Amino acid sequence: MNFNLHDLVLLLPESFLLGAICAILFIDLFLKPAQRHITHWLAIAALLGTLGLVLIDHDPARTAFGGMIVHDGVAAVLQVFILGVTALVFVYARSYLRDRNLYIGEFYLLCLFAALGMMLLVAAGNLVIVYLGLELFTLSSYALVAMNRDSGLSSEAAIKYFVLGALASGLLLYGMSMIYGATGSLDLSRIHTVAALGLGNPHFVLLAFGVVFLVVGIGFKFGAAPFHMWLPDVYEGSPTAVTMFIASAPKIAAFGMAYRLLEGGLAGMQPHWREMLAVLAVLSLGIGNVVAIAQTNLKRMLAYSTISHVGFLLLGLANGTPSGYAAAMFYAIAYAIMTTAAFGVMLLLARAGFEAEEIDDFKGLNQRNPWYAFVMLLAMASLAGIPPLFGFFAKLLVLKAALDAGMLWLAIVAIVFAIIGLFYYLRVIKVMYFDAAVDNTALALPADVTFRWLLSLNGIALLVLGVFWGPLIAWCYRALAVQ
């Protein structure tokens with residue numbers, strides 16, 4: 001493999017972010033706790049600078065380091081939203097972390113390392129880069145979940161996440177080793193060529209087993225049922241700021257990983273993996289929506305909601321065509337924006353000694369602050385898929401993808417469970433608007449004006465993007481070269 005200047009230029013966004021992380025790590029060593037805002041703004045500047053470099057690069061698909069890194073339209077779209085959502089998390093989390101003595105440089109640095117891992121993951125052209133990006137992201141996530149060392153619940157969640165995450169990584173790696181044995185290559189383009197031979201490949205059975213383990217690993221990383229066991233405990237046990245991060249940007253990265261592996265490498269095995277994805281979708285839709293009804297803790301409810309949304313996202317992936325992938329990409333982006341709004345309102349209500357994570361904590365919110373009750377209403381209604389909000393059109397596109405793939409039965413199952421899922425979203429809205437407030441005093445808002453304004457814009461975006469969603473789906477179509 002020959003290294004040249006072209007390869008380094010192509011990796012400029014990732015290199016810039018890595019350099020910024022190292023610089024912030026060094027600077028943070030010399031900062032006093034009262035100066036932590038410097039780390040906060042430097043981290044946001046690093047993300048925005050990287051985002052700018054991604055947007056500036058308008059060249060067509062290019063590869064670096066012998067095809068190990070692929071910078072195409074898909075990578076650009078996913079990286080833009082990974083970086084943007086992570087920056088939103090930093091803004092939303094500041095007040096929450098400060099109130100709990102968690103306003104430390106490690107939070108920002110671990111999130112930045114996770115963002116770097118996700119950027120590599122969605123631009124991977126080789127199984128080694130897939131695994132490198134995945135582990136960089138997941139190892140950072142384990143540490144983030146355990147960040148609140150005074151909380152037994154947080155430590156328990158971190159242990160569960162670490163053990164099950166390690167198991168998932170092992171299964172994924174086992175599948176990769178089988179695929180390497182069947183194809184003789186770690187390069188996804190070469191694997192794509194061999195997989196296209198189908199039964200003409202003398203190692204077809206070994207390749208098929210590798211695909212099974214790969215799909216199981218992808219299911220674990222998505223949090224799809226029946227590989228969802230870690231998700232509710234991690235959501236509930238993590239500090240809410242960490243939960244918001246884990247619930248948003250990684251779902252975009254998980255789509256990128258699935259796309260690179262299934263389409264970039266194993267498109268020739270599509271008749272086999274699309275049926276597996278359909279089964280995972282049904283289980284996720286059923287378990288996620290039904291179990292969420294019984295939850296009283298909002299974070300656990302949103303965890304099971306995530307499982308159901310993964311089911312919808314899998315509808316697009318199971319389509320197996322560029323239009324289906326575009327629908328799944330659109331859904332992953334929509335979900336990330338919706339869930340940051342929902343968790344943002346939770347962080348707004350939280351204060352020192354009060355987490356605002358029970359559904360009853362939202363009783364009478366409309367009486368205390370009508371505007372932020374409305375923002376939460378937009379988030380819940382959009383997650384439920386009520387028109388004309390953003391989430392409705394995201395669901396519509398993946399349902400269309402299922403119909404285009406000839407999976408009418410799967411679309412019907414999804415619609416039935418979406419109707420069931422309306423209950424637990426509407427329950428939150430009912431509590432805010434029709435239940436009496438426990439405390440009738442006006443809501444004490446955080447002093448962070450940037451947080452309040454961005455959260456308001458995030459809520460409004462769910463309505464605006466629900467009406468003007470065309471440019472975003474067009475961007476997704478262009479990235480995937482949909483005709």
Side-chain angles (χ1 to χ4, degrees), residues 17 20-21 24 36-37 39-51 78-100 102-119 121-122 136-138 140-148 154 234-235 238-254 298-299 302-303 306 332-350 355-357 375-376 379 383 446 448-459 461-462:
L17 183 57
I21 292 170
I24 294 169
R36 198 65 64 202
H37 62 278
T39 303
H40 171 82
W41 291 113
L42 284 175
I44 292 174
L47 290 170
L48 295 180
T50 309
L51 194 155
L78 297 178
Q79 287 177 351
V80 163
F81 284 97
I82 286 168
L83 294 166
V85 168
T86 305
L88 266 185
V89 169
F90 286 172
V91 174
Y92 290 1
R94 187 182 182 187
S95 299
Y96 177 91
L97 296 173
R98 188 188 292 121
D99 288 344
R100 285 154 186 79
L102 297 174
Y103 193 41
I104 52 177
E106 286 84 345
F107 171 78
Y108 294 98
L109 291 164
L110 288 169
C111 286
L112 288 173
F113 272 119
L116 178 60
M118 289 186 277
M119 288 183 69
L121 185 58
V122 301
L136 180 57
F137 148 62
T138 52
S140 301
S141 300
Y142 302 151
L144 282 168
V145 173
M147 192 173 68
N148 187 3
S154 182
V234 169
Y235 272 42
S238 305
T240 305
V242 174
T243 304
M244 176 169 58
F245 177 70
I246 292 174
S248 52
K251 297 299 177 284
I252 302 174
L298 186 57
K299 286 165 76 173
L302 288 173
T306 296
I333 293 167
Y335 175 75
I337 296 172
M338 292 185 291
T339 200
T340 49
F343 279 104
V345 177
M346 291 178 66
L347 292 176
L348 184 87
L349 295 181
E355 289 296 322
E357 61 182 39
V375 171
M376 190 63 165
L383 285 165
D448 193 336
V449 177
T450 308
F451 171 25
R452 301 205 304 266
W453 273 98
L454 276 180
L455 179 57
S456 299
L457 291 173
N458 193 347
L462 300 179

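Note that the structure is predicted; figures quoted are calculated from it, not measured. In what follows, every heavy atom counts, from backbone to side chain, and hydrogens, waters and symmetry copies are set aside.
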- Message: Please find the pair of heavy atoms, one from G344 and one from F451, that lie closest to each other, and give the distance.
- Response: O-CZ, 3.5 Å
- Classify the ring geometry between Y103 and Y108 as parallel (under 30°), tilted (30 to 60°) or perpendicular (over 60°). perpendicular
- Query: What distance separates L47 CG from L17 CG, expressed to the nearest 0.5 Å?
  - Reply: 6.5 Å
- Query: Do any N or O atoms from the side chain of S238 and from the backbone of Y235 form a donor-acceptor pair under 3.5 angstrom?
  - Reply: no
- Message: What I'd like to find out is whether the side chain of M346 reaches to under 4.5 Å of the side chain of T243, using heavy atoms alone.
- Response: no
- Query: Any donor-acceptor pair under 3.5 Å linking the side chain of T339 with the backbone of Y335?
  - Reply: no
- Could I get the full list of side chain to side chain contact (heavy atoms under 4.5 Å, CB included) partners for S154, not counting sequence neighbours? N148, S151, P239
- Message: For the CD1 atom of I82 and the CD1 atom of I333, what is their distance to the nearest 0.5 Å?
- Response: 9.5 Å
- Looking only at heavy atoms, the pair that brings T340 and Y92 closest together is O-CE2, 3.5 Å
- Item | Step-by-step side-chain contact (heavy atoms from CB on, under 4.5 Å) determination, L88 to M244 | CA-CA 10 Å; L88 266 185; M244 176 169 58; over 6 Å; no
- Query: Do I252 and M118 have side chains that get closer than 4.5 Å, going by heavy atoms?
  - Reply: no
- Below 4.5 Å, heavy atoms only, C-beta onward: do L383 and L302 meet side chain to side chain? yes
- Check the pair R94, T450 against side-chain contact (heavy atoms from CB on, under 4.5 Å), reporting the backbone distance first and the verdict last. CA-CA 10 Å; R94 187 182 182 187; T450 308; over 6 Å; no
- Message: Side chains of V242 and F107, heavy atoms from C-beta outward: is any pair under 4.5 Å?
- Response: yes
- Would you please name every residue forming a side chain to side chain contact (heavy atoms under 4.5 Å, CB included) with A341, sequence neighbours left out? A379, N458, L462
- Message: So W41 and F90, do their side chains get closer than 4.5 Å, heavy atoms only?
- Response: no
- Taking all non-hydrogen atoms of both residues into account, name the closest pair between A114 and S140 and its distance. N-OG, 3.8 Å
- Residues R36, L97; criterion side-chain contact (heavy atoms from CB on, under 4.5 Å); working and verdict: CA-CA 11 Å; R36 198 65 64 202; L97 296 173; over 6 Å; no
- Atom pair CG/OG1 of L116 and T50 - distance to nearest 0.5 Å: 8.5 Å
- Item | T86 to A249 - nearest heavy-atom pair and separation | OG1-CB, 4.1 Å
- Message: Measuring only between side-chain heavy atoms, which start at C-beta, is H37 closer than 4.5 Å to R98?
- Response: no
- Are side-chain heavy atoms of L348 and L455 found at a separation under 4.5 Å? yes
- Task: Could you tell me which non-hydrogen atom of T240 sits nearest to which non-hydrogen atom of E357, and how far apart they are?
- Result: OG1-OE1, 4.4 Å
- With sequence neighbours excluded, what pairs up with T138 under the side chain to side chain contact (heavy atoms under 4.5 Å, CB included) test? L134, E135, Y142, K221
- Query: Can you tell if the side chain of M147 reaches within under 4.5 Å of the side chain of I104, non-hydrogen atoms only?
  - Reply: yes
- Task: To the nearest 0.5 angstrom, please state how far the CD1 atom of I246 sits from the NZ atom of K251.
- Result: 8.0 Å
- Correct closest heavy-atom pair for V375 and S456 would be CG2-CA, 4.4 Å
